[in-house]
Amino acid sequence: ARAEADLGPEPALPTGWAAPLARHPAAVRWCAALAAVAALVTLPGLRFDPNVGDLRNPETESVQAFQDLVAAGGAATPWYADVLAPDLATAEALAARLRATPGVARAVTLADYVPAEQEEKRALLADIALLLDPASPVPSGESSTARDPQGQVDALRALHAALSAPWIDRDASRLGASARRLREELSVFLARVSRDDDPAPELARLELTLLGSMPRQLARLRGALDPPAVSVEDLPREVVSRMVARDGQARVQVFPEDDLREPGALDRFADAVQGVAPEATGMAIDIVGFGRVISASLAEALATALLAIAVLVLVLWRRPGDVLLVLSPLLLAGLLTAAAMVALDLRFNFANVIVLPLLLGIGDDSGIHLGHRARALAEAPGGGAAEPLLASTTARAVLFSFATTMVSFGNLAFSAHRGIASLGVLLAVGMALTLVCNLIVLPALIEARIRPARGAGR
């Protein structure tokens, strides 16, 4: 029969590590099918992490501070949303709706910089000022030491004597230590004053050191207890320019309530804000948008890569069945890589998202080489009885080529940049799974394609 002439007799089974796999190709195919189903079940757990802080070295202080701010939520977070309104009144109404939205901690407009209930608060401050009644400072140039310098020296000596009490020397508290230090400083000061004929200059310098800022502090206290009313017109120009544009458009800053490092928290916040204000922008909205665009681009890249590989193999071999032989191990390796990411709690990020398309590009050539070698063995005199596929030099070349490539890419896993490190880990895991699928699953699929043809030929 023509099939018998093309395919030849049954090939000899390989020896060594490939022998068990060659003896049970049907079991290999069933195991591959079960692995594909199990991997499909885990796919909903696959996540994209848009947190750019997770890509950096976590040991650096800047990254730790950034992550703390993101975790804090509220007004401290650097990830917030911005919404523009035609005017301040519209912005205040929009902010009120956003504050009632789940997941939103604060919505701030320019009006929030003006204190609310000012009259009630000013009345309370007036009552406090009446109770405290800050004393008037000594007028400039009128010093008590100028009137009675010797009396001041005597008062300081009396204080020094009081600090020389035995109980102060026995006091081990901070108050006792402070009293002893004051006593030592007074001893030095009194010794210096005793050597001067006129102690007034030294006493004036001491008063300036101790009480020089007292008039200013009292003036600040009086001003704080009697503040003027504040309106939007009184706000600093820098604050106004950040919140209201020259054409009157007003800005609403929306801050999240949750820890945005948690999975899905940033997406929920962005969706909640855009549910109220679809035109919202800002860092939080941008990051979520970037992640979704990249995820869609990943799916497009995978589809394009698979289509390009299918067209290439079809042009080379002109047999649709052989195209499926090459693509099936690649698809299985991609599914297993995604399942490994879920099992290892690894997520796609802006650095490692190229892994799956890259694996397809790396893995398709080995499938083409193995398929071409299987065809050559089947068409050779003896039908490949002298050299089975798994024992061929092509299989060994594929093994060694993948091993060297895995070592090269695996070195990236030791990078301090966590994004590059995750890329190295995923490449090493994905290439290992691609190698397994090409050296174990592909020969079993080739056997399933060749054996029916051989049986029909008989």
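We're numbering straight along the sequence, starting at 1.
- Between the CG atom of N438 and the CG atom of L433 there is a distance of 11.0 Å, given to the nearest 0.5 Å.
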(request) Just do the side chain to side chain contact (heavy atoms under 4.5 Å, CB included) check on E92 and L88 with the steps written out, would you? (result) CA-CA 6 Å; E92 293 178 14; L88 185 56; 3.7 Å; yes
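- To the nearest 0.5 Å, atom CG of residue L314 and atom CZ of residue R319 are 12.0 Å apart.
- The environment of CD in E61 is sparse: at most 12 heavy-atom neighbours from other residues, nucleotides or ligands sit within 6.0 Å.
- Taking each heavy atom of A284 and A270 in turn, the nearest pair found is O-CB, 4.5 Å.
- Annotation for L298 and P357: closest pair CD1-CD, 3.6 Å, computed over non-hydrogen atoms.
- Put simply, the side chain of N352 gets close to the backbone of N349: a donor and an acceptor are under 3.5 Å apart.
- Annotation for Q249: atom CD counts as buried by contact number, over 12 foreign heavy atoms lying within 6.0 Å.
- For R205 and E202, the salt-bridge test passes: some basic side-chain N is under 4.0 Å from an acidic carboxylate O.
- Proximity of a side-chain donor or acceptor of R183 to a complementary backbone N or O of L163 within less than 3.5 Å is detected.
- A side-chain donor-acceptor contact under 3.5 Å links R47 to the backbone of P44.
- The distance from atom CD of Q253 to atom CG of D112, rounded to the nearest 0.5 Å, is 10.0 Å.
- Residues I362 and T434 form no side-chain contact, since every pair of their non-hydrogen atoms from C-beta on lies 4.5 Å or further apart.
- Separating the CG atom in L427 from the OG1 atom in T405 is a distance of 10.5 Å, to the nearest 0.5 Å.
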(message) Would D82 and R251 count as a side chain to side chain contact (heavy atoms under 4.5 Å, CB included) here? Give the steps.
(response) CA-CA 7 Å; D82 288 316; R251 174 190 185 189; 3.0 Å; yes
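- By the 4.0 Å N-to-carboxylate-O rule, R292 lies close enough to D267 to be salt-bridged with it.
- For the pair A280 and Q274, the tightest heavy-atom approach, listed with the atom from each and the gap, is O-NE2, 4.0 Å.
- Within 6.0 Å of atom CZ in R106, 12 or fewer heavy atoms from other residues, nucleotides or ligands are found, so the atom counts as exposed in its surroundings.
- Side-chain N or O atoms of R29 include one that pairs as donor or acceptor with a backbone N or O of A444 at under 3.5 Å.
- Note that CG of L43 and CG of L335 are 6.0 Å apart. Values are rounded to the nearest 0.5 Å.
- Counting only distance, with no hydrogens or angles, the side chain of R180 and the backbone of D171 share a donor-acceptor pair below 3.5 Å.
- Contact between A428 and G410 at its shortest, heavy atoms only, is CB-CA, 4.4 Å.
- Pairing each heavy atom of F350 with each of I287, the nearest pair is CZ-O, 4.4 Å.
- Using a 4.5 Å heavy-atom cutoff, the side chains of F66 and L69 are not in contact.
- Of all heavy-atom pairs between V398 and S366, the closest is CG1-CB, 3.7 Å.
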(request) I would like to know whether V429 and L346 meet side chain to side chain contact (heavy atoms under 4.5 Å, CB included); could you show each step before the answer? (result) CA-CA 11 Å; V429 172; L346 296 175; 6.0 Å; no
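- Residues C437 and L442 fail the side-chain proximity criterion, which asks for heavy atoms closer than 4.5 Å.
- Between the CG atom of L336 and the CG atom of L331 there is a distance of 11.0 Å, given to the nearest 0.5 Å.
- L439 places a side-chain heavy atom less than 4.5 Å from the side chain of L370.
- Side-chain contact between V63 and Q67 is present, with heavy atoms from C-beta onward closer than 4.5 Å.
- Around the CZ atom of R192, the shell of radius 6.0 Å holds more than 12 heavy atoms that belong to other residues, nucleotides or ligands.
- Taking 4.5 Å as the limit, every side-chain heavy atom of V288 sits out of range of all side-chain heavy atoms of P50.
- A donor-acceptor pair under 3.5 Å is formed between the side chain of S422 and the backbone N or O of G419.
- The shortest side-chain heavy-atom distance between Y113 and V108 falls under the 4.5 Å cut-off.
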(message) Would V254 and T101 count as a side chain to side chain contact (heavy atoms under 4.5 Å, CB included) here? Give the steps.
(response) CA-CA 11 Å; V254 190; T101 303; over 6 Å; no
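- Enclosure of atom CZ in R97 is not indicated, since only 12 or fewer non-hydrogen atoms of other residues, nucleotides or ligands lie within 6.0 angstrom.
- Side-chain atoms of R56 and H417, non-hydrogen and from C-beta on, do get closer than 4.5 Å to each other.
- The ring of Y80 has its center closer than 6.0 angstrom to the ring center of F255.
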